[in-house]
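Just the heavy atoms: all of them, side chains too, but no hydrogens, waters or symmetry mates, feed the values below.
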Amino acid sequence: MSMEKTFDAATAEARIAAAWADSGAFAAGANARAGQPAFSMVIPPPNVTGSLHIGHALNNTLQDILARWHRMRGFDVLWQPGQDHAGIATQMVVERELAKDPSNPTRAEMGREEFLRRVWDWKAQSGGTIIGQLKRLGASLDWSRNAFTMSGAPGAPAGEQGNFHDAVIRVFVDMYDKGLIYRGKRLVNWDPHFETAISDLEVESREVDGQMWHFKYPLAGGETYEYVERDADGNVTLRETRDYISIATTRPETMLGDGAVAVHPDDARYAPIVGKLCEIPVGPQAHRRLIPIITDDYPDPDFGSGAVKITGAHDFNDYGVALRNGIPLYALMDGRARMRSDGLSYAESAAIATRAAAGVDVGDVSAVNLVPEDLRGLDRLDARARVVAAINAEGLAVTDADGNPYVERKKIMQPFGDRSGVVIEPMLTDQWFVDTAAIVQPAIDAVRDGRTRILPEQHEKVYFHWLENIEPWTISRQLWWGHQIPVWYGLNLAADSFTDDEGDDALSPIELLRLLGDDQLVKAGDLHHAAAHFDDLVEAFRADIAGLPHPLQVSRVIEVADREAAVDVFAQALADYNLTQDPTRLVYPVWRDPDVLDTWFSSGLWPIGTLGWPEDTAELRKYFPTDTLITGFDIIFFWVARMMMMQLAVVGEVPFRTVYVHGLVRDEKGAKMSKSKGNVIDPLELIDAYGADALRFTLTSMAAMGRDPKLGPKHVEANRNFVTKIWNAVRFAEMNGVFAAPSGQPQPVHTVNRWIIGETARARIALDEALAGYRYNEAAQGLYGFIWGKLCDWYVEFAKPLFDGEHAEETRATMRWVIEQAITMAHPVMPFVTEEIWALTGSRDRMLVHGDWPEYGAELIDAGADRQMNWVIGLIEDIRSARAQMGVPVGAKLDLIVTQADAAAREALAANAPLIERLARVNAPMDGTAGRGMIAVAAPGASFALPIGEVIDASAEAARLEKSLARSEKDAGGLRGRLGNPRFVENADAEVIEETRGKLAALDEEIARTRAALEQLRAM
RNA sequence: GGGCGGUUAGCUCAGCGGUAGAGCACUACGUUGACAUCGUAGUGGCCACUGGUUCGAUCCCAGUACCGCCCA
C-alpha cells in the first residue's frame, strides 16, 4: 500500500459517510459500553424549508464533537435529529411554487385539505435538503429517528406517522384545562401579507425614513386657553392664546380611530384644558367627533408637543393608555391593512363614539367603523394622503415660519414581519395566548438554582431579563400549515337574547321565532371547549345546552365547517322542528377553530416530543432530560426559554442540563452575513473546496465562548493544510514500516519515545478538559499544537535517525501508537480524514467512529525524559538560530565543540547526539575549547562553540551575543526586582517565589555563559 | 433611553492576577528519508484611556472614549 500525497476529501468523504450510515454507526446506543450513562442531545430543528448555512455548520459541528466524543467514550449516545414544520415559511414556499404555474388554482381556490396535501407533497420532495447537507458535514445524528414537528397530523402521508401531533394537541388541551391558555381580544402584531397574527419575537424593528405631521385638534366649542412654554430656568419663552391642542403623529390615518388625547399629568402647559373635549380634525364636518383630553404617564412632555393622540386599537403604547383610562378601541383596518369597509355607517359609528366620549358605556364597539365612507377600502397609505390633504386644506396643520404645513422628516422605528418583510400593524383581534406569566417561574428557578446552566454565563442574564419581563405569548396563527387548534365553538344560546318567557323549560313558538329573527343567532356569543378530538367534547357541549328549554336541551351535537354554517344549520333545524315538532331534527352545531398553532409552540415540546411523549417510551425514560443543548443566541427566547417553560409545565422537569450558546458566524471583516450584502459564505462550497474536516476544524477553533466567529476561506484553507499535514505524517510513518509494528501501548526505553508518550498523555488530558468545559477553541488549539507542533515538528524528525539504530523497533511501535492516539483524539473534530487513516493503517475490527477514547493520564509522563527532550529541543533551536543569524549556509555541517558541560548535559548529549547532529546540522559533539572563528551557544548546564570558518565576522557575532545578553538581562532585572521587593517575598505564594527564583537562576546561568563567550570572543 | 458585550502583534483572535501567545500576513533562507497545502530563522505589542485595589494588573473594581448586539 502506498498513500497518495494528499487526502482526497471529496471522494473519501462520500465513501466514509456511506460506511457510517450502512453500519448504523450513529444509532442510539451504538458503541455504548455496559454501565456507561446515557448522553443525549436534540438538534435545534432546522426549518423544513431550510438549507445548510454556515450557522448550521457551526451549530452541528459543535454538537457532533460532543456526540462523537461521548460515543467513543462508551456513553449511550442519542443525538436526535429532526425538522420543524415552519408554518409561515413553508406555506409561503408552497404558495410561491403554485404561483409559478398560472394554471394552478390558488390556495383559496383549492381549499384547505388540498393545499395541505400539496404541502406534504412538497415536503416529501424538497423537505429533506438539509438532511443530506448535514450528512456531508459528517453530523452523526441518529437518522433512523428523524422527527418532524408535524408528524402524525391529520392528512400526514405514509412515512410521517410519528406522534408529534399528539404531543402538541395533548399539551394544548392540558394547558387549556389548567387555564394556562386563554382566548382574548388583544392587540397583536398583525402581518398584513400573510394575514395572520405573529408573536412579538417575529417582528423586527427597523429604522426607516418617516414623516411626522403636526396637527391642531380644536377645542370643543371654540374654547381658548393660555399656552405658556418655559425654558429650563422657568423663564417664559412663549405665551399665546390657543384654541387648539397640537398633536404630532407619524400615522395621520389612525386619527380616525382616536379615542382621546393624552398629556402628562405634570405638564403645566396643558393643565388648563385637561378634562375638556377637543375635536379630531378629520371626517365629515357634520359628524366631527369630540374626544376627551386625559392625563397619563405615557406621554413624554419633551417629545413633540407633549400631547399624544390615543388610538388604542392601532398602537401598543396607546393600547395601554386606553386600557388604563377606559378609552374605547376603535378598529380601522381589515386583515390586509386596508381601511375597513364593514360594520356600521360612519354616521352611526360617529354617533356611538360621541356618546362614548361623553362617558356613556357603549359596550362592544367592534361594529363601529369610524372610517368615513369615502376612505373605506383604501390602502392605509392612500388613506393617509387623503387625510393629510383634507387637514391641510382646512388649515388645521401646524405651519412653519413660511406658513407651510410643518412636516418633520425623521428616522422612525417601524416594525416589519421577519418572514414577510411588510410593515406589521398592531391589530385588535381574537387570539389564543399562553399565560406565560403563570408558567415562567419554574423556568427562572431552574437556571437560578443550577438545574440547568447556560454557557457562557452572560447569557443567563439575558435569559432572566427576558423571562422576568415576559409578555403573553400569542400562539394562534391564521394559517393552514400547522397544528390546527383543538378548540370547537358553539353558539351561546343562553345569552340574554334567548330567554324562556314562561319559565316552563319548553320552547314556545314565540321564543323560537325570536331566536330565529332579528339576527339574534348571528349576534349570539360563542362557547368553546378544547379536546383532542371532536368526540371528546360532545359531552361538554351537552352540558352547556342542558339548561336550555325542552327540546333544545336534547339536540344532537354535530360538527360543521364554521360559524356561518352553524347559524344556517341551526336555523334550518329549528324551522324543521317548527314544522314537524320532531325533536330528533334539532341539532346543536359546533365548529372548529380554523387557526393553527405557532410553530414554536410545537418546537417548544421538541425534547419530549421527539422521544415519543405522551407515550411512556423507553427512549423517554433513558434519554430525558437531555444533557446538552447547543444553539445560537438568536433563539434563546424563541426556543430555549419556551422549551424550559413548556417542559417544566408539562412533565415537570428541565429539558436539558446545559445550554451552550454559540455566536453568530460573521464574515472575515466581522459583518453579519446577509444575502443583500452578498457576503454569505456557503458551507457546502467550503466543503467542496477544502473538505468537511477543514471546515469543522476551523469552526471549532473559532468557537471561543461568548465570541462571534469571523470566518473567511483563508482560515479554512489553513486548516485544510493541517489535514494535509496529518496525512503526510501518517504517510511518512507508513513508508517507514511503522504500521507493521506491533500495536498497543509501547514501553520504550529511549527518551524520545518516552517523551512523546508523555506529550500524548498531556494532549489527552488537555483535550478532555477543554471539551468538558465546552472550550472548543482550546480543544482545537490543543490538537493543533500537539499534532503539528510536537508530533510532526519534533517527534517525526527525531524518529528519522532512530529508524536506523538500535531503538528502531520501539520507535516504530511508539510512532504507531502515537499516531493512532492522535487520530483517535482528532476524530470528533475531523472525523473523515481520521477514519480514512484508521482504515488505511491497519486491519481493524471496528471503525474509528466506534474507537476507544484514551483514558491514560499523567502517569505516562516521564519527567526525566521531558526535561531531557526539552533541553535537546532548546539546544537545537539555539544552534539553528545562531547559524541563521550568522549567515551560515543551511547545508553546511558544523563541528559541535563542547566547551563545558555538567553531568545532566553530558547524558542528554550522549543519548540524543544523532538527533542533535541531524536537526542542528552539526557533527558529533566533541570536547574542546572555543577559538577563533567560532560562534557560541549556551544551554542550561553546558556551553558550546561552533567553528564557522576563518572569515567569521567577529563584530557580527559580538552583536548577536550582546543582543541576546541584553534580552536576558532585561528579563533577569525584572525578576530580580521582584524578588528584591520584601513585600513580594512576604506576600506572594511560596510556589510563585520558588518559580521566580528558578527562572532567575536559569537566566543568570545563561547570562554567565553568554558573557563568558563574549569575553572569549573579545580576547581573540 | 434600558440591557448585554467588546477594545491585546498589520489582520483574525486566544489568554484573564506573577510584566504577553496562536494562526494568517510580512522578511530572509531552503529540493536536508512525509508534507512547498512544506521547512528553518526572524520582524512585529505603553494588552483603548484615566484612576483605584494589590507585593504585583492585560487580567479585578470605578470612570472615560469608541465599536457592536438585543430590547424600547
Atom pairs, N/O to N/O, protein against nucleotides 37-44 of chain B, distance under 3.5 Å?
unit_1	atom_1	unit_2	atom_2	d
U37(B)	O4'	N721(A)	OD1	3.2
U37(B)	O2	R720(A)	NE	2.8
U37(B)	O2	T724(A)	OG1	2.6
C38(B)	OP1	N721(A)	ND2	2.7
C38(B)	O3'	K725(A)	NZ	3.2
G39(B)	OP1	K725(A)	NZ	3.3
G39(B)	OP1	W788(A)	NE1	2.5
A41(B)	O3'	S881(A)	OG	3.4
G42(B)	OP1	S881(A)	OG	2.8

Atom pairs, N/O to N/O, protein against nucleotides 12-15 of chain B, distance under 3.5 Å?
unit_1	atom_1	unit_2	atom_2	d
C13(B)	OP1	K710(A)	NZ	2.4
C13(B)	OP2	K710(A)	NZ	2.7
A14(B)	OP1	R707(A)	NE	2.8
A14(B)	OP2	R707(A)	NE	2.7
A14(B)	OP2	R707(A)	NH2	2.7

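W794(A) is linked by a ring-ring contact (aromatic ring centres under 6.0 Å, His included) to F798(A), counting only residues two or more places apart in sequence or in another chain. For K714(A), there are no salt bridge (charged side-chain N to carboxylate O under 4.0 Å, His left out) partners two or more places apart in sequence or in a different chain. R762(A) is linked by a salt bridge (charged side-chain N to carboxylate O under 4.0 Å, His left out) to E759(A), D866(A), counting only residues two or more places apart in sequence or in another chain.
Between N987(A) and C55(B) there is a side-chain N or O to OP1 or OP2 distance below 4.0 Å.
Sequence order on RNA chain B of the closest nucleotides to K714(A) and R666(A) puts K714(A) first from the 5' end. When the nearest nucleotides of RNA chain B are assigned to R731(A) and G973(A) by heavy-atom distance, the more 5′-ward of the two goes with G973(A).
Of the candidate nucleotides U19(B), G33(B), C69(B), U19(B) has the atom lying nearest to any side-chain atom of K999(A). Among A34(B), A36(B), C55(B), the nucleotide with an atom closest to any side-chain atom of K5(A) is A36(B).
The shortest heavy-atom contact between L711(A) and M702(A) is CD1-SD, 4.0 Å. Heavy-atom minimum distance, N719(A) versus A694(A): CB-O, 3.8 Å.
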(request) Report the C-alpha separation of V752(A) and I756(A) in whole Å, then their side-chain angles, then the decisive distance to 0.1 Å, and conclude whether the side chain to side chain contact (heavy atoms under 4.5 Å, CB included) test is met. (result) CA-CA 6 Å; V752(A) 166; I756(A) 195 64; 5.7 Å; no
(request) Assess whether salt bridge (Lys or Arg N to Asp or Glu O under 4.0 Å) is satisfied between E957(A) and R960(A), documenting all intermediate values. (result) CA-CA 5 Å; E957(A) 169 68 352; R960(A) 181 183 76 84; 3.0 Å; yes
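With rounding to whole Å, F984(A) atom CZ is found 14 Å from A57(B) atom C1'. The CZ-P distance, from F732(A) to C35(B), rounds to 10 Å in whole Å. Computed from coordinates, the F786(A) CZ to A22(B) C1' distance equals 18 Å when rounded to whole Å. Taking atom CG of N736(A) as the reference point, atom C1' of C35(B) lies 13 Å away to the nearest angstrom. L467(A) places its CG atom 18 Å from the P atom of G3(B), with the value rounded to the nearest Å. Computed from coordinates, the E460(A) CD to G5(B) P distance equals 12 Å when rounded to whole Å. Atoms CD1 (I726(A)) and P (C35(B)) sit 16 Å apart, rounded to a whole Å. Atom CD1 in I787(A) sits roughly 15 Å away from atom P in G23(B) (whole-Å rounding).
Taking the ring axis of F732(A) as reference, the NZ or CZ atom of K800(A) stays within 45° of it and closer than 6.0 Å to the ring centre.
Taking 3.5 Å as the limit, the base of A34(B) and the side chain of K800(A) contain a donor-acceptor pair of atoms between them. With hydrogens and angles ignored, a donor-acceptor pair under 3.5 angstrom links the side chain of D804(A) to the base of G33(B).
Using a 4.0 Å heavy-atom cutoff across all strands shown, R918(A) reaches at least one base atom of the nucleic acid. Within the nucleic acid shown, P982(A) has no heavy atom closer than 4.0 Å to any nucleic acid atom. E797(A) comes within 4.0 angstrom of a nucleotide base, judged by non-hydrogen atoms across all strands.
Comparing A48(B) with U54(B), their C1' atoms sit 23 Å apart, to the nearest whole Å. Taking atom C1' on both G1(B) and A57(B), the two are 34 Å apart, rounded to the nearest angstrom. C60(B) and A41(B) have their C1' atoms separated by 39 Å, with the value rounded to a whole Å. Annotation: U40(B) and C35(B) have their C1' atoms spaced 15 Å apart (nearest Å). A28(B) sits 36 Å from G18(B) when the C1' atoms are compared, rounded to a whole Å. Look at the P atom in both U27(B) and U43(B): the space between them is 15 Å, to the nearest Å. If you take atom C1' in G10(B) and the same atom in G68(B), they sit 22 Å apart, rounded to whole Å. Spacing of C1' atoms, C46(B) relative to A20(B), comes out at 13 Å, to the nearest Å.
In RNA chain B, the stems built from three or more successive Watson-Crick or G-U pairs (distances below 3.5 Å) are B:1-7 with B:65-71, B:10-13 with B:21-24, B:26-30 with B:38-42, B:48-52 with B:60-64.
Of the possible donor and acceptor atoms, none in the side chain of R186(A) sits under 3.5 Å from a partner among the backbone N and O of T474(A). Formation of a donor-acceptor pair under 3.5 Å by the D315(A) side chain with backbone atoms of N317(A) is found in this model.
Counting heavy atoms from C-beta on, the side chains of E806(A) and H750(A) never come closer than 4.5 Å.
The local environment of CD in E468(A) is crowded, with over 12 non-hydrogen atoms from other residues, nucleotides or ligands closer than 6.0 Å.
Checked options W727(A), Y690(A), F722(A); the residue passing with F7(A) is W727(A) (criterion: ring pair (Phe, Tyr, Trp, His ring centres under 6.0 Å)).
With hydrogens and angles left out, the side-chain atoms of S881(A) and Q885(A) include a donor and acceptor closer than 3.5 Å.
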